[in-house]
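Encoded as structure tokens, the structure appears first; notes follow it.
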Amino acid sequence: GLKETFCAMRLKENIGDPSRADIFTPQAGRISTVNSFNLPILRHLRLSAERGVLYNNGIYTPHWNMNAHSVLYVLRGQARIQVVDHFGQAFFDGEVRQGQVLTVPQHHAVVKQAISEGFEWVSFKTNDNAWVSPLAGRTSVIRALPEAVLMNAFQISRDQAQKLKYNREETFLLSSSRSSQRRAA
Amino acid sequence: RRQNECQFDNLQALEPDTRIQAEAGLIESWNPDHEQFQCAGVAVVRRTIEPNGLHLPSYTNAPQLIYIVRGRGILGTVFPGCAETFEESQRGAQGRRSRPEDRHQKLRHFREGDIVAIPAGVAYWTYNNGDQQLVSVTLLDTSNVENQLDQNPRRFYLAGNPEDEFDPEQQQHQQYQEQQGRDRSRRQRSSGNKHNIFRGLNTRFIEEAFNVDSETARRIQGQNDNRNNIIKVKGRLDLVSPLIRSSQERQREGEREETWEEEREREQQERERDWRRSPRGDYNN
């Protein structure tokens, strides 16, 4: 069965092509993912990858990797990245630039903002079907919580809780503080 | 699991080592560094939630099995990408499109004797909606393949200003504090080691990510919040939930509130009645 299983197996998948993006926001950036669904050999390797592009001042909203570590290699540009541990402390808060590698451990919250020339990266993930859990946006944990839980947990009003849940839809967004520098997609 | 971690001479029955008193409950944990737990690759926590207490949303680095020792409550889990299927109907004028009052992911009611399974990295919260203490024992399988970090149990809180239930230094602090007879809340503020995960992010990032004002962002970060891991809910937790809703409706009709057993019995009777009504002995579409 080796011949049938491995010999003719597809070994490559292009994730650099912008038209192949899985998540895309014209103003802020995109992500393409390769996992065991679109490249089955990754099931054996138990690995996957994502290729991301953030335009200038674009923010990839806070999220955590549920079932994998993420080892990020900077392809181009610079970004400010914060990684938060279970103590609620930023155990990485700094800038990364082209050629550098940053490891984001499983379950640790991370946020990225592109600076100056935008930011491009590739992340290697230690699970063939890596899941991300967003903290903000349409599919976020905050959106899925009842308003009453948010009100009590954060000591906020119902109006504030509603804004918290519904004010933001996107995974990628452009920083409002410097929106004049918006780039075309 | 490495075999040499299981080479010890005798076994002991262990009492909890760490005790965290919160606004509406108590968290007791066994030192995960104990050789027995290292051997088994697990950590154990006992949690007591007072009536109307809410254990703040959190997730862990390992899968959990929770056994409900006493009481009842509501469990809310958050699976990324799943729909918010518990939805309050719109209250706007007829024909006018307005946002639903609230919608969130499925809630589950649990009671004494239940085993609850929570996957690694899945955020959840629990609420004691009963009239007695809710006591549960949780096992975290830190050696599970789903945990790619080390074997140290970690809980990531999404709200509040909680203490670390697995921190061995916590116990030392606690003992020291008891010896010194100092106010515990003072130590909490002064230690400043444990916060929710939003606290580690720049406040501006939170404002941008949620499109909220700076005051809301600071509250999300749990600044000046000393209620700890389990908080007392103001009034009652107003949730979109079939059981709670029907209970409220019955209250509106002037009936007394049912006990858990009465509620279950009534539901069973309603199911049997529906069954009998159906001509084919099945539910109608």
Side-chain angles (χ1 to χ4, degrees), chain A residues 59 61-69 80 82-91 93 105-109 111 113 126-127 131-137 139-156 160-168 173-177, chain B residues 54 56-57 59-61 76 78-82 84 86 99 101-102 104-105 107 119-123 125 127 146-149 154-160 164 193-202 204-206 208-212 216 219-222 225 231 233-234 237-240:
Chain A
I59 295 176
T61 54
H63 60 276
W64 76 88
N65 291 290
M66 290 183 66
N67 56 0
H69 301 303
R80 181 181 178 191
Q82 289 189 318
V83 182
V84 180
D85 65 9
H86 65 295
F87 287 105
Q89 292 174 336
F91 80 166
D93 182 2
Q106 185 187 22
H107 301 308
H108 287 57
V111 62
Q113 180 176 21
T126 57
N127 191 303
W131 285 13
V132 163
S133 187
L135 284 159
T139 57
S140 73
V141 60
I142 295 294
R143 180 73 68 96
L145 292 171
E147 278 173 16
V149 170
L150 295 175
M151 289 164 62
N152 281 279
F154 296 133
Q155 302 185 90
I156 56 178
Q160 285 174 309
Q162 286 189 341
K163 284 178 179 168
L164 184 60
K165 282 185 77 161
Y166 300 111
N167 262 12
R168 186 65 75 190
L173 55 102
L174 192 68
S175 173
S176 58
S177 59
Chain B
L54 171 72
L56 291 170
Y59 60 91
T60 57
N61 63 330
V78 180
F79 291 88
C82 290
E84 286 86 45
F86 278 34
R99 198 167 61 193
E101 289 297 310
D102 190 19
H104 50 75
Q105 285 193 13
L107 305 181
V122 168
W125 53 270
Y127 171 60
E146 293 297 314
N147 173 28
Q148 296 190 9
L149 298 171
R154 290 177 170 86
R155 183 174 293 277
F156 298 75
Y157 276 94
L158 294 166
D164 187 6
N193 286 330
K194 178 76 177 174
H195 307 288
N196 75 52
I197 57 174
F198 292 108
R199 191 65 171 272
L201 301 174
N202 189 302
R204 191 180 59 80
F205 276 142
I206 295 172
E208 299 263 18
F210 293 104
N211 195 16
V212 293
T216 307
R219 287 183 181 273
I220 290 170
Q221 290 183 312
D225 184 352
I231 63 167
V233 168
K234 288 178 183 167
L237 205 62
D238 184 20
L239 301 165
V240 184

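In what follows, chains are A, B, ... by sequence order, proteins preceding strands, each numbered from 1. Just so you know, these numbers come straight off a predicted model, no measurement behind them.
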Do you know which of [options] has the most heavy-atom pairs under 4.5 Å to chain A?
| options | value |
| --- | --- |
| B:Arg219, B:Arg199, B:Gln105 | B:Arg219 |
| B:Val212, B:Leu56, B:Leu149, B:Thr216 | B:Leu149 |
| B:Leu158, B:Leu54, B:Asn202, B:Asn196 | B:Asn202 |

Set of side-chain contact (heavy atoms from CB on, under 4.5 Å) partners for A:Thr126, sequence neighbours left out: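 A:Leu47, A:Ala68, A:His69, B:Gln148.
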Side chain A:Trp131, main chain B:Phe79, donor-acceptor under 3.5 Å: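 Pair absent, no side-chain N/O of A:Trp131 close to backbone of B:Phe79.
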A:Arg168 side-chain N/O to B:Glu208 backbone N/O, donor-acceptor pair under 3.5 Å: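 Answer holds: yes.
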Minimum heavy-atom separation for [X] to [Y], with atom names?
| X | Y | value |
| --- | --- | --- |
| B:Phe156 | A:His107 | CE2-O, 3.4 Å |
| A:Leu135 | B:Phe198 | CD2-CZ, 3.7 Å |
| A:Pro146 | B:His104 | CB-CD2, 3.4 Å |

Part of B:Tyr157 lying under 4.5 Å from any heavy atom of chain A: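 Interface part for B:Tyr157: neither.
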Proximity breakdown for B:Pro57 and chain A, heavy-atom pairs closer than 4.5 Å: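 The answer is the side chain of B:Pro57.
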Interface moiety of A:Val83 toward chain B, non-hydrogen atoms closer than 4.5 Å: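 Nothing of A:Val83, per the 4.5 Å heavy-atom cut-off to chain B.
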Set of ring-ring contact (aromatic ring centres under 6.0 Å, His included) partners for A:Phe154, sequence neighbours left out: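 For A:Phe154, no residue satisfies ring-ring contact (aromatic ring centres under 6.0 Å, His included) once neighbours in sequence are set aside.
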Check ion pair B:Arg154-A:Asp85 (N to O, under 4.0 angstrom):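 A:Asp85 and B:Arg154: not salt-bridged.
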